[in-house]
Amino acid sequence: MKIIGTGRVHPSQVVTNDMLEKFLDTNDEWIKTRTGIAERRVISSERLEDLAAEASLKAIEDAGLTPADIDYIICSNVVNEYITPSLSCIIQGAIGARCACIDVNAACSGFIYALDMADDRLKSGKAKNILVVAAEEPTRMVDWSDRSLCVLFGDGAGAVVVTQGEGLLCSRLTTQSKVDCLHYVRTLEPTPYITKVENSAPMYMNGKEVFKTAVLSSSRDIKTLLSRAGLKPSDIKYYILHQANMRIIEAIANWLKLDMSYFPHNVDYCGNTSSASIPLLLDELAREGKLQKGDKILMSAFGAGFTTGACIIEWTK
Ligand code: ACO
């Protein structure tokens, strides 16, 4: 596959660290030092499906196509207001496409999983132009009176259109079940037969454990892919890493002995936007003219599961 179009949409509400100080026992200095986040974009009046549809239309336009040309939609999403139908199905209707759709939930690694699935579908000849959209509202999973979690997240939607080509050099997906470490649980409707105890609870995260696992697993994925592609760290133009925490990004940069110019970031003004963080950043770089034909980009993400996904692509636009 190769990427032929990108698009993104951020919610309009900006929430600065100072604004959080008004209702939480926190401060700008703590948040910036521990996470690198200065502000985040948070859903208020918008609906996630509308952000996702707008980002998708931008990517389709950027690809020089129309929604009628899209023959498969994969949406990476963890939560939205609909349990069913899938978000991809709603996006399909909103943009006026007519094709099969599926959602994938691999938490923050979802965009890479979706790209990998798109590549398989293109290779099998079952599709020609695939829309891959990651739309996330993790701010709706956390307890906003819990200072350890709500300061971390932001919302948004990023999309790409992929078609047949030689742009994906290699990819790697892993899953290691670690449910206790990071989860968000909601009860379903009661029935007359349910006897087990069930509780809804906002997101729980063991931050230190996730931090350690994220640095180790992302470093391992990067090492594996560089070796598989026969590349050295400095052959990569940009490392587009999941934007969870600047300290995680800096730890990986140190480990690779590369300066921070290889590691563009948006976590400082978007927060952690889950699987949307990588396509949001990719679109920003593309629209700012920072990507040239032939550039090699390594994308690496980690998330609840614990899942990881990484790939090296060559920019072919
Ligand atoms: N403001 C002020 N103080 C705070 C805040 C806050 N917002 N949050 C926590 N604290 C306090 C704690 O209560 C604790 O106080 P105590 O020592 O009196 O008990 C102190 O700060 C230190 O808290 P820690 O949790 O030990 O802080 P740590 O340095 O581990 O940083 C953090 C926490 C930022 C969450 C870090 O562990 C981290 O980034 N982990 C990785 C998280 C991550 O990457 N998640 C995303 C992956 S999966 C996904 O994207 C869904």
Side-chain angles (χ1 to χ4, degrees), residues 1-8 59 62-63 74 76 108-123 129-130 132 134 158-174 214-244 246 248-267 275-302 308-317:
M1 61 136 227
K2 63 176 180 184
I3 294 175
I4 55 168
T6 63
R8 75 177 190 283
D62 188 42
I74 308 176
S76 164
C108 304
S109 314
F111 178 69
I112 311 288
Y113 274 71
L115 275 187
D116 195 75
M117 287 166 68
D119 183 54
D120 287 343
R121 199 152 182 95
L122 291 168
K123 275 193 190 128
N129 300 307
I130 302 182
V132 177
V160 298
V161 174
V162 297
T163 193
Q164 283 176 358
E166 303 294 314
L168 180 66
L169 305 191
C170 50
S171 65
R172 173 181 161 92
L173 309 176
T174 75
V215 174
L216 286 174
S217 56
S218 215
S219 306
R220 178 205 58 207
D221 285 353
I222 291 170
K223 187 177 162 202
T224 306
L225 289 189
L226 287 174
S227 132
R228 211 185 283 167
L231 297 172
K232 52 184 191 306
S234 59
D235 291 332
I236 300 292
K237 171 85 175 278
Y238 289 124
Y239 290 80
I240 304 187
L241 306 185
H242 171 45
Q243 302 287 303
M246 272 314 286
I248 295 179
I249 299 171
E250 284 161 2
I252 294 170
N254 280 338
W255 176 79
L256 284 166
K257 298 190 175 52
L258 291 175
D259 66 64
M260 286 302 286
S261 64
Y262 287 88
F263 296 83
H265 41 87
N266 64 18
V267 65
S275 74
S277 81
I278 288 179
L280 284 172
L281 190 49
L282 185 69
D283 180 62
E284 188 179 322
L285 294 169
R287 284 179 194 262
E288 285 178 357
K290 291 184 174 156
L291 303 177
Q292 263 81 53
K293 201 170 177 172
D295 284 347
K296 294 189 176 55
I297 298 163
L298 196 153
M299 305 193 258
S300 172
F302 51 86
T308 76
C311 63
I312 300 179
I313 60 164
E314 185 166 311
W315 198 247
T316 48
K317 270 187 79 168

Quiz item: Any side-chain heavy atom of L241 sitting closer than 4.5 Å to one from H265?
Solution: no
Quiz prompt | L285 CG to L282 CG distance, which is reported to the nearest 0.5 Å | solution = 6.5 Å
Self-check item: Student check: side-chain heavy atoms of I222 and I236 closer than 4.5 Å
Solution: no
Quiz item: Who passes side-chain hydrogen bond (donor to acceptor under 3.5 Å, both in side chains) against D295, sequence neighbours left out?
Solution: K237
Quiz prompt | Taking every non-hydrogen atom, the tightest pair across I248 and A214 | solution = CD1-CB, 4.0 Å
Practice problem: Identify the heavy atoms of A286 and W315 that sit nearest to each other, and give their distance. | Solution: CB-CZ2, 3.9 Å
Self-check item: Atom pair OG1 (T6) and NZ (K317), whose distance is rounded to the nearest 0.5 Å
Solution: 5.5 Å
Quiz item: Taking all non-hydrogen atoms of both residues, which atom of P264 and which atom of I240 are closest, and how far apart?
Solution: CG-CG1, 4.5 Å
Practice problem: Locate the shortest heavy-atom distance separating I312 from L225; write the atom from each residue and the value. | Solution: CD1-O, 3.6 Å
Practice problem: With sequence neighbours excluded, tell me which residues meet side-chain contact (heavy atoms from CB on, under 4.5 Å) with A118. | Solution: I74, I130, V132, V162
Exercise. Before giving the answer on side-chain contact (heavy atoms from CB on, under 4.5 Å), spell out for L231 and L298 the whole-Å C-alpha distance, their side-chain angles and the decisive distance to 0.1 Å.
Key: CA-CA 11 Å; L231 297 172; L298 196 153; over 6 Å; no
Practice problem: Just jot down the side-chain hydrogen bond (donor to acceptor under 3.5 Å, both in side chains) partners of K123, sequence neighbours excluded, or say none. | Solution: D119
Quiz item: M299 versus L115: any side-chain heavy-atom pair under 4.5 Å?
Solution: yes
Quiz item: Does D235 have any side-chain hydrogen bond (donor to acceptor under 3.5 Å, both in side chains) partners at least two apart in sequence or in another chain, and if so, which?
Solution: K232
Self-check item: All side-chain contact (heavy atoms from CB on, under 4.5 Å) counterparts of S76, not counting sequence neighbours
Solution: V104, A134, E136, S275
Practice problem: Sorted by first residue and then second, give each salt bridge (Lys or Arg N to Asp or Glu O under 4.0 Å) pair with at least one member in residues 275-289; sequence neighbours left out. | Solution: R8-D283, D283-R287, E288-K290
Exercise. Tell me, please, which residues at least two apart from K223 pass side-chain hydrogen bond (donor to acceptor under 3.5 Å, both in side chains).
Key: none
Quiz item: Sub-3.5 Å donor-acceptor pair from the side chain of Y238 to the main-chain atoms of L291, do we have one?
Solution: no
N/O donor-acceptor pairs under 3.5 Å from side chains in residues 256-263, not counting sequence neighbours:
{"residue": "D259", "atom": "OD1", "partner": "S261", "partner atom": "N", "Å": "2.8"}
{"residue": "D259", "atom": "OD1", "partner": "S261", "partner atom": "OG", "Å": "2.3"}

Quiz item: Between E166 and K2, which heavy-atom pair has the shortest distance, and what is it?
Solution: N-CB, 4.4 Å
Exercise. Name all residues meeting the ring-ring contact (aromatic ring centres under 6.0 Å, His included) criterion together with F302; count only those two or more places apart in sequence or in a different chain, and write none if there are none.
Key: H242
Side chains of residues 167-174: which donor-acceptor partners sit under 3.5 Å, not counting sequence neighbours?
{"residue": "S171", "atom": "OG", "partner": "D116", "partner atom": "OD1", "Å": "2.6"}
{"residue": "R172", "atom": "NE", "partner": "D221", "partner atom": "OD1", "Å": "2.7"}
{"residue": "T174", "atom": "OG1", "partner": "R220", "partner atom": "NH2", "Å": "3.4"}
{"residue": "T174", "atom": "OG1", "partner": "T308", "partner atom": "OG1", "Å": "2.5"}

Quiz prompt | For the student: nearest non-hydrogen atoms of S277 and N266, plus distance | solution = O-ND2, 3.6 Å
Exercise. Applying side-chain contact (heavy atoms from CB on, under 4.5 Å), name anything that partners A251, two or more places apart in sequence or on another chain.
Key: V215
